[in-house]
Visitor: 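Structure in structure tokens, see below.
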2 protein chains.
Amino acid sequence: MVRKPTSKETARKPNMREAILAAAEELFATNGFNAVSVRDIAQAAGANPGSVTYHFKTKDGLLLEIYRRHCGPMNLRRSELLAAAKRVRDLQDRLEAVVRAYVVPAFTSGSDLAGGGARFTRLRAVMSAEGNEVARKIIAQTFDDTSHAFIDAVHESLPHVPRTDIVWRSHFLLGALYYSLVTPDRVSRLSRGEADGSDAASAIEQLVQATVAAFQAPALDQAVPAKRRPVVSSKT
Amino acid sequence: MVRKPTSKETARKPNMREAILAAAEELFATNGFNAVSVRDIAQAAGANPGSVTYHFKTKDGLLLEIYRRHCGPMNLRRSELLAAAKRVRDLQDRLEAVVRAYVVPAFTSGSDLAGGGARFTRLRAVMSAEGNEVARKIIAQTFDDTSHAFIDAVHESLPHVPRTDIVWRSHFLLGALYYSLVTPDRVSRLSRGEADGSDAASAIEQLVQATVAAFQAPALDQAVPAKRRPVVSSKT
DNA sequence: ATGTGATTTGTACTATCGTACAAAAGATCA
DNA sequence: TGATCTTTTGTACGATAGTACAAATCACAT
């Protein structure tokens with residue numbers, strides 16, 4: 001409707017397919033999958049609803065393509081950073097480098113996809129929360145390898161911590177990472193404006209620092225030696 | 001149970017209202033708000049779709065009532081546990097008790113609502129991820145007080161850590177907490193069966209231990225060079 | 001310029017959504 | 001019992017969902 005029969009020189013539409021992907025990514029990441037209609041996406045991309053069907057066949061197909069578009073580059077970037085991190089000699093520094101190799105690609109773009117890192121990570125967070133079927137399949141078969149590699153690398157830096165504990169803590173890391181991208185405003189609010197939750201650099205530094213410390217916590221087995229128990233007693 | 005006396009005040013029938021609430025809570029928590037239809041809820045509760053409208057007027061009203069049902073008891077429980085935790089003398093033990101006061105009510109039932117703790121927390125996680133409007137309003141005005149009280153309590157145990165850092169780390173804690181309830185299977189999978197992600201006791205212990213360590217991490221200020229003060233720029 | 005294949009548009013179809021509302025069924029008490 | 005209030009049922013309505021598809025339009029090699 002807003003279409004203007006201007007000359008072809010002015011605003012040349014580079015690629016409608018890309019516009020649809022970008023719009024869908026943004027809308028899915030902020031509102032969830034089911035809350036966004038194909039018409040919403042088309043409108044945001046300045047396209048026709050039928051165009052979405054043409055390029056991606058179904059709404060699920062569109063989501064699938066978004067994943068396909070990002071998974072490769074992000075995992076590649078993680079592998080590179082992880083490989084580099086493993087070459088750090090000092091164990092303490094290596095741990096931090098390993099954590100950073102996991103965190104940084106999630107916040108920043110890992111390829112030519114403009115600023116896609118944080119947006120795609122947020123998308124994954126939302127799809128994960130919604131229990132989206134399409135997402136779950138891809139995630140499990142695409143990211144588990146990376147996660148295992150990450151866990152192993154952390155374990156190498158912390159041989160005295162049981163692998164189980166490391167799995168838990170890396171799980172917490174991912175949850176914290178997701179949540180930081182989902183509701184950054186909460187950080188700003190709770191800090192009474194002293195911190196900006198949507199500042200990626202701050203988020204990364206804070207997350208890396210906190211996570212390294214969490215990984216370095218004593219193993220759980222010997223940490224609960226029957227001394228502590230008093231406060232948690234009440235139960236229903 | 002099968003009392004004979006009739007009093008208009010007490011509700012003791014096979015309450016359909018309760019069944020609808022429980023079914024909605026479960027379905028929303030696992031599939032998100034928009035993916036679940038009123039008819040799905042009615043069917044799961046063994047009720048008629050019209051019954052949902054009768055009791056809760058709208059779908060939003062149903063979600064609202066779920067929140068109303070849980071917020072009070074959970075915050076009350078947290079306040080009690082936090083008050084008890086603050087009486088712990090040893091600073092190290094107190095910090096752990098404070099964290100536990102925040103974590104435990106999220107995993108376990110805080111009232112007579114059967115096993116509602118974890119389910120409701122998961123619901124909150126999902127609504128948060130979906131950016132649900134109804135949820136956001138209630139959350140901000142109901143949980144921010146609790147969060148501030150928690151942050152202050154942590155800060156008292158760690159006076160040398162800037163409040164901003166504590167806000168970030170408590171934010172990470174909530175993210176980790178949410179994610180543990182959203183995809184517990186991931187923990188089981190990544191640990192190759194050695195850990196059970198859906199075991200609340202393990203999750204609590206792991207989360208408390210990791211979080212205490214994260215809170216105790218050195219302050220960030222000296223870890224990050226200058227170049228701070230980016231101020232909140234208007235975002236999209 | 002023209003033909004050809006790729007893309008975009010407009011529209012229509014069916015299914016399902018949230019919600020409304022009248023009638024049926026229970027419950028309560030004079 | 002019959003009157004009255006509460007709850008449940010059944011059904012219907014308008015809106016919107018995902019998708020299909022033919023017509024219109026565009027890009028470009030010839």
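Residue numbers start from 1 in every chain, and the chains themselves are labelled A, B, ... in the order their sequence lines are given, proteins ahead of strands.
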Visitor: Tell me which donor-acceptor pairs under 3.5 Å the side chains of residues 133-143 of chain A have, and how far apart each pair is, sequence neighbours excluded?
Guide:
{"unit_1": "A:Glu133", "atom_1": "OE2", "unit_2": "A:Arg136", "atom_2": "NH2", "d": "2.3"}
{"unit_1": "A:Thr142", "atom_1": "OG1", "unit_2": "A:Ile138", "atom_2": "O", "d": "2.7"}

Visitor: Show me, pair by pair, the donor-acceptor contacts under 3.5 angstrom made by side chains of residues 27-34 of chain A, not counting sequence neighbours?
Guide:
{"unit_1": "A:Thr30", "atom_1": "OG1", "unit_2": "A:Glu26", "atom_2": "O", "d": "2.9"}
{"unit_1": "A:Thr30", "atom_1": "OG1", "unit_2": "A:Leu27", "atom_2": "O", "d": "3.3"}

Visitor: Could you tell me how far apart B:Met16 (CE) and C:dA25 (P) are, to the nearest whole angstrom?
Guide: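 Whole-Å distance recorded here is 18 Å.
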Visitor: If I take atom CD in residue A:Gln43 and atom C1' in nucleotide D:dT16, what distance separates them, rounded to the nearest angstrom?
Guide: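 Nearest whole value for this atom pair: 14 Å.
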Visitor: Please determine if a side-chain N or O atom of A:His55 lies less than 4.0 Å away from the OP1 or OP2 oxygen of C:dA6.
Guide: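 No, A:His55 has no side-chain N/O under 4.0 Å of OP1/OP2 on C:dA6.
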Visitor: Strictly below 4.0 Å: does A:Tyr54 bring a side-chain N or O up to OP1 or OP2 of C:dT8?
Guide: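 False: A:Tyr54 side-chain N/O out of range (4.0 Å or more) of C:dT8 OP1/OP2.
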Visitor: Is the cationic atom of A:Arg78 (NZ for Lys, CZ for Arg) positioned less than 6.0 Å from the six-membered ring centroid of A:Phe150 and within 45 degrees of its normal?
Guide: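 Verdict for A:Phe150: no cation-pi partner in A:Arg78.
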Visitor: Atom CZ of A:Phe56 and atom P of C:dT8: how far apart are they, to the nearest Å?
Guide: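 Taking CZ of A:Phe56 and P of C:dT8, I get 10 Å after rounding.
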Visitor: To the nearest Å, how far apart are A:Asn15 CG and C:dT8 C1'?
Guide: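 Atom CG in A:Asn15 sits about 13 Å away from atom C1' in C:dT8.
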Visitor: B:Tyr67: what forms a ring-ring contact (aromatic ring centres under 6.0 Å, His included) with it, not counting sequence neighbours?
Guide: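 Residues passing ring-ring contact (aromatic ring centres under 6.0 Å, His included) with B:Tyr67: B:Phe120.
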Visitor: Quickly work out the B:Leu63 CG to C:dG18 P distance and round it to whole Å.
Guide: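 Taking atom P of C:dG18 as the reference, CG of B:Leu63 is at 13 Å.
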Visitor: Could I get a table of every N or O pair under 3.5 Å where one atom is in the protein and the other is in nucleotides 17-20 of chain D?
Guide:
{"unit_1": "D:dG18", "atom_1": "OP1", "unit_2": "A:Lys59", "atom_2": "NZ", "d": "2.6"}
{"unit_1": "D:dG18", "atom_1": "OP2", "unit_2": "A:Val38", "atom_2": "N", "d": "2.8"}
{"unit_1": "D:dG18", "atom_1": "N7", "unit_2": "A:Arg39", "atom_2": "NH1", "d": "2.7"}
{"unit_1": "D:dG18", "atom_1": "O6", "unit_2": "A:Arg39", "atom_2": "NH2", "d": "2.7"}
{"unit_1": "D:dT19", "atom_1": "OP2", "unit_2": "A:Lys59", "atom_2": "N", "d": "2.7"}
{"unit_1": "D:dT19", "atom_1": "O4", "unit_2": "A:Arg39", "atom_2": "NH2", "d": "3.4"}

Visitor: Strictly by ring-ring contact (aromatic ring centres under 6.0 Å, His included), give each pair with a member in residues 163-204 of chain A just once, sequence neighbours left out.
Guide: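 Checked against ring-ring contact (aromatic ring centres under 6.0 Å, His included) - neighbours excluded - the pairs reaching residues 163-204 of chain A are A:Trp168-A:Phe172, A:His171-B:Tyr179, A:Tyr178-B:Tyr179, A:Tyr179-B:His171, A:Tyr179-B:Tyr178.
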Visitor: Whole-Å distance between C:dG18 P and B:Leu64 CG?
Guide: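 Taking atom P of C:dG18 as the reference, CG of B:Leu64 is at 17 Å.
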Visitor: With sequence neighbours excluded, give me every side chain to side chain donor-acceptor pair (under 3.5 Å) pair touching residues 49-64 of chain A.
Guide: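 As it turns out, there is no side chain to side chain donor-acceptor pair (under 3.5 Å) pair with a partner in residues 49-64 of chain A once direct neighbours are skipped.
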